[in-house]
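The block underneath contains the structure these notes are about, expressed in structure tokens.
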Amino acid sequence: MSDELRTSGRRRALGRGALGALSGLLAGYTALGVAELVSAAVRPEAGPVVAVGGAAIDRTPTSLKTWAIRSFGANDKLVLQLGILGVLALFALALGLLAARHRRVGSAGVLLFGAVGALAATSRPDSVGARDALPSVVGALVGAALLYRLAGRLRPAPRTAGPGGPEGPWGPGGSGWDRRGFLVAATTAAAASTGAGLLGRALHGADAERAVKARDRVTLPPPSSPASPVPRGAALRVPGISPFTTPNADFYRVDTALVVPKVVPSSWSLRIHGEGVTRALRLSYDDLLRMPLIERDITLTCVSNEVGGPYAGTARWIGVPLAGLLARCGVEPPSRGGPADQLVARSVDGMTLGTPVEDVMDGRDALLALGMNGEPLPFAHGFPVRMVVPGLYGYVSACKWIEDIELTTFDAYDAYWVKRGWARRAPVKTQSRIDTPRPFARPEPGTVMIAGVAWAQHRGITTVEVRVDDGPWRRADLAAQDTRDTWRQWSLPWKATSGRHTLTVRATDGTGTPQTEERTRTVPDGASGWHSVLVTVR
Ligand SMILES: Nc1nc2c(c(=O)[nH]1)N[C@H]1C(S)=C(S)[C@@H](COP(=O)(O)O)O[C@H]1N2
Ligand SMILES: [Mo]
């Protein structure tokens with residue numbers, strides 16, 4: 001073979017490969033665009049990327065989940081979705097290359113991806129059944145058909161070849177393959193799937209918009225039992241300390257929802273049923289708004305919070321006392337002979353959280369919360385209704401977007417996180433945190449304010465002590481206590497001397513029990529140990 005022929009053959013193969021890869025990408029893009037549109041008709045959560053992402057979250061080992069939350073914080077879900085899109089793009093490229101040679105196999109590969117998406121969507125805890133497979137299936141069918149068609153255009157047109165053989169795509173005249181057909185099909189597909197995707201987005205947006213409007217129209221009635229004002233001495237004026245009340249916009253968010261549920265309250269209700277329930281209830285949002293409401297300051301903390309971590313916040317909640325509602329349904333706590341010791345709360349996105357019935361009914365202010373810091377719950381924090389139970393970590397008490405409460409036993413049912421290795425019961429551990437100075441700060445010598453917060457919800461905080469290096473423990477100045485369900489600020493002026501110093505804090509709770517020095521991991525029932533901060537005084 002002459003050099004010239006060999007070069008043109010290679011160029012032809014290269015060109016076909018590149019166009020094949022492009023076809024693959026286009027097929028993937030089209031599949032996602034169509035799926036987006038179909039999911040708008042089915043359910044936004046059934047879209048392939050959200051479904052695969054959700055299924056991945058369900059199956060991620062706890063250690064990796066904790067790592068992701070720690071490394072990416074609130075962006076963890078964005079990173080996950082970008083990761084999925086990246087992987088999909090790579091596979092689409094590969095399938096396109098494959099299709100350029102074996103177009104049936106390449107197209108079948110697209111269908112395989114549709115099957116994965118469909119499986120993920122139907123296996124999610126909030127799946128409504130086979131219907132959830134539709135976005136992935138329809139998207140994949142269209143994507144596969146497109147790839148099959150585009151790959152067909154890449155093949156040499158059957159013709160009586162002259163002595164030089166069919167011309168490659170870059171050969172003179174380019175008549176060896178259907179360039180025009182390819183371009184037309186590719187541009188049409190790109191435009192149509194962009195249109196489908198945008199239309200799908202717009203339809204999702206319209207649903208969300210209805211929920212946003214409905215929330216805007218809500219006016220919370222004044223509580224029949226208001227919280228007493230936060231005592232003036234509860235908030236210290238130290239720069240860098242966490243504010244006593246956490247603004248909603250700064251309140252930490254931990255959940256498994258890739259898309260924040262946007263519930264329209266008029267099509268929402270809450271059901272209470274199960275063992276020992278003599279009168280099952282179904283309540284509308286308006287029913288709840290008409291009940292006597294109480295207002296309470298409560299600190300919420302996450303079991304995934306590392307020592308010194310950010311997943312803690314205090315808000316003024318307004319809601320319906322849960323114990324009273326349960327009593328209306330005939331529920332008795334186990335200590336009075338009730339058969340159910342676990343309350344399983346289920347959210348509109350299929351999350352389940354198990355709470356001890358005894359804790360909810362022992363007189364503490366367990367709430368079905370409707371309001372947070374003077375406004376209806378923000379969507380990210382559970383609109384229209386969520387639970388809040390003082391003294392328990394969020395994963396065993398604070399169900400957002402709640403729609404079902406079932407009375408059962410701990411023996412009979414394990415909730416979502418319990419199935420994944422977390423403890424069935426998880427009262428909050430006593431913790432204290434140094435907010436200022438920040439780790440690795442370089443303050444000037446002289447008086448430096450060490451300050452932070454300490455919490456032991458429902459037991460309260462009675463003492464906070466601070467130690468510099470291996471020196472003696474010194475009592476910090478405690479801010480006034482709001483209630484024993486809230487955290488407490490503290491501060492201590494320190495005469496800082498040049499050099500590196502380790503600052504350590506520990507607290508004692510309202511039962512007189514000191515915070516343990518023993519370091520444990522967050523799994524299975526919350527991190528323990530003292531928080532230390534290393535600073536270099538200049
Ligand atoms: N529906 C639902 N509710 C949920 C969760 C969730 O993933 N889904 N996460 C729980 C956890 S682990 C915590 S710590 C709190 C966090 O509440 P926040 O995001 O309002 O701070 O919500 C709880 N309620
Ligand atoms: Mo949590």
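These figures come from a predicted structure and were not determined experimentally. Atoms within each ligand, like the ligands themselves, are counted from 1 in listed order.
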Problem - Side chain, backbone, both or neither: the part of I402 lying under 4.0 Å from ligand 1 by heavy atom - result: neither

Exercise for the section: Report yes or no: do H204 and E36 form a side-chain donor-acceptor pair below 3.5 Å? Expected result: yes

Practice task
Please could you name the atoms of ligand 1 that S347 approaches to less than 4.0 Å, counting only its heavy atoms?
Solution key: 1 (N)

Practice task
Assess the side chains of Y393 and D525: does a donor N or O sit below 3.5 Å from an acceptor N or O?
Solution key: no

Fill in the blank from the handout: atom 11 (C) of ligand 1 sits nearest the protein heavy atom V254 O, 3.7 Å

Practice task
Could you list which atoms of ligand 1 come closer than 4.0 Å to a heavy atom of D349?
Solution key: 1 (N)

Handout entry: Steps toward side-chain hydrogen bond (donor to acceptor under 3.5 Å, both in side chains) verdict (S432, R506)
Key = CA-CA 6 Å; S432 47; R506 71 174 183 195; over 6 Å; no

Handout entry: M387 touching ligand 1 at heavy-atom level, < 4.0 angstrom
Key = no

Problem - Per-atom contacts of ligand 1 with F251, taking only distances under 4.0 Å to non-hydrogen atoms - result: 21 (O)

Practice task
Would you mind checking if R316 and D297 are paired as a salt bridge, meaning a charged N to carboxylate O distance below 4.0 Å?
Solution key: yes

Fill in the blank from the handout: One finds that the ligand 1 atoms under 4.0 Å from a non-hydrogen atom of C302 are 14 (S)

Exercise for the section: Mark up the atoms of ligand 1 that fall under 4.0 Å of a heavy atom belonging to W401, in ascending order. Expected result: 1 (N), 2 (C), 8 (N)

Problem - Aromatic ring pairing W455/W487, orientation class (parallel under 30°, perpendicular over 60°, tilted between) - result: tilted

Fill in the blank from the handout: Note: heavy atom closest to atom 7 (O) of ligand 1, options T352, D255, V303, belongs to D255

Exercise for the section: Write out the residue and atom name of the closest protein heavy atom to atom 3 (N) of ligand 1, then the distance separating them to 0.1 Å. Expected result: K400 N, 3.0 Å

Practice task
Salt-bridge test for R364 and D359: reply yes if a basic N is under 4.0 Å from a carboxylate O, no otherwise.
Solution key: yes

Fill in the blank from the handout: Of all protein heavy atoms, the one nearest atom 23 (C) of ligand 1 is A398 O, 3.5 Å

Handout entry: Numbering as shown, the atoms of ligand 1 that approach G394 to under 4.0 Å (heavy-atom distance)
Key = 11 (C), 13 (C), 14 (S), 23 (C)

Practice task
Determine, for D482 against R488, whether the closest basic-nitrogen to carboxylate-oxygen distance falls under 4.0 angstrom.
Solution key: no

